Amino acid sequence: MQQLIFATNNQHKVAEIRAFLGNGFDIVTLKEAGIDTDIPEPYNTLEENARTKSETIYKMTGTDCFGEDTGLEVYTLNGEPGVKSARYAGDGRDFAANIDKLLHNLEGKTDRSARFRTVISLIINGKEHQFEGICEGQIIGHYRGTAGFGYDPVFVPEGDTRTFAEMSLEEKNKFSHRGKAMKKLISFLLNKIKHPQQ
Ligand code: IMP
């Protein structure tokens with residue numbers, strides 16, 4: 001079974017990815033790998049932040065691993081909160097405070113379209129590969145649902161009427177940015193298993 005360290009301390013993301021992968025891959029979290037570190041996200045792009053996560057863990061362990069970074073990009077706010085999604089309302093990384101700030105900034109706006117974008121950086125045999133996943137949708141004006149995390153209670157993906165917070169992990173994964181990026185990662189890994197020299 002392919003073992004990979006997932007460079008995150010976010011248990012919600014780990015649960016989503018495990019629900020997605022089923023039993024085919026052995027995903028080890030930082031905690032399970034005995035790594036107690038909070039990897040910084042110092043850059044202005046998801047691509048660079050995702051790469052920092054995978055490179056940091058690869059340097060520490062020499063084990064195949066992946067990191068990911070996700071941002072919510074709201075069109076009428078020129079792509080905000082984007083790469084700053086976790087700390088939109090301050091360093092407390094408070095989900096409710098971030099949503100409240102977003103809803104405040106969208107007051108009176110007619111265009112409420114937005115997208116989640118995920119970039120996964122995989123390092124396998126010392127080489128980096130990136131995979132992107134995008135989910136378009138709308139920011140609604142009030143909280144709906146209690147599942148998920150982050151901006152899930154106010155994001156309705158295109159193709160459904162429920163927020164991500166009103167869906168099971170499996171349902172969210174069908175639409176989600178992270179699900180789409182994971183799908184690309186998995187086809188890459190399956191192909192690698194079949195053709196290890198490529
Ligand atoms: P990170 O930097 O990739 O951990 O994510 C930045 C922030 O984006 C998180 O703190 C969440 O607020 C938000 N976020 C990331 N993924 C999701 C998601 O799937 N649903 C809702 N919010 C998310």
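Because the structure is predicted, anything quoted here is derived from the model rather than measured. Both counts, for ligands and for their atoms, begin at 1 and track the order of listing.
A donor-acceptor pair under 3.5 Å is absent between the side-chain atoms of Lys172 and the main chain of Gly148, judged by distance alone. Remark: side-chain polar atoms of Asn98 are not paired, donor with acceptor, to backbone N or O of Tyr151 under 3.5 angstrom.
Arg93 pairs by the side-chain hydrogen bond (donor to acceptor under 3.5 Å, both in side chains) definition with nothing, not counting sequence neighbours.
Ring orientation note: the planes of Phe6 and Phe66 are close to parallel, at an angle under 30° on the 30°/60° scale. Relative orientation of the Phe116 and His177 rings is parallel, given thresholds of 30° and 60° on the angle between their planes. Ring-plane geometry between Phe188 and His129 is classed as tilted, the angle between the planes lying from 30 to 60 degrees on a 0 to 90 degree scale.
Listed by chain and number, Lys13, Glu41, Glu68, Asp69, Thr70, Ser85, Ala86, Phe95, Phe116, Phe149, Gly150, Tyr151, Asp152, Lys172, His177, Arg178 each place a non-hydrogen atom less than 4.0 angstrom from ligand 1.
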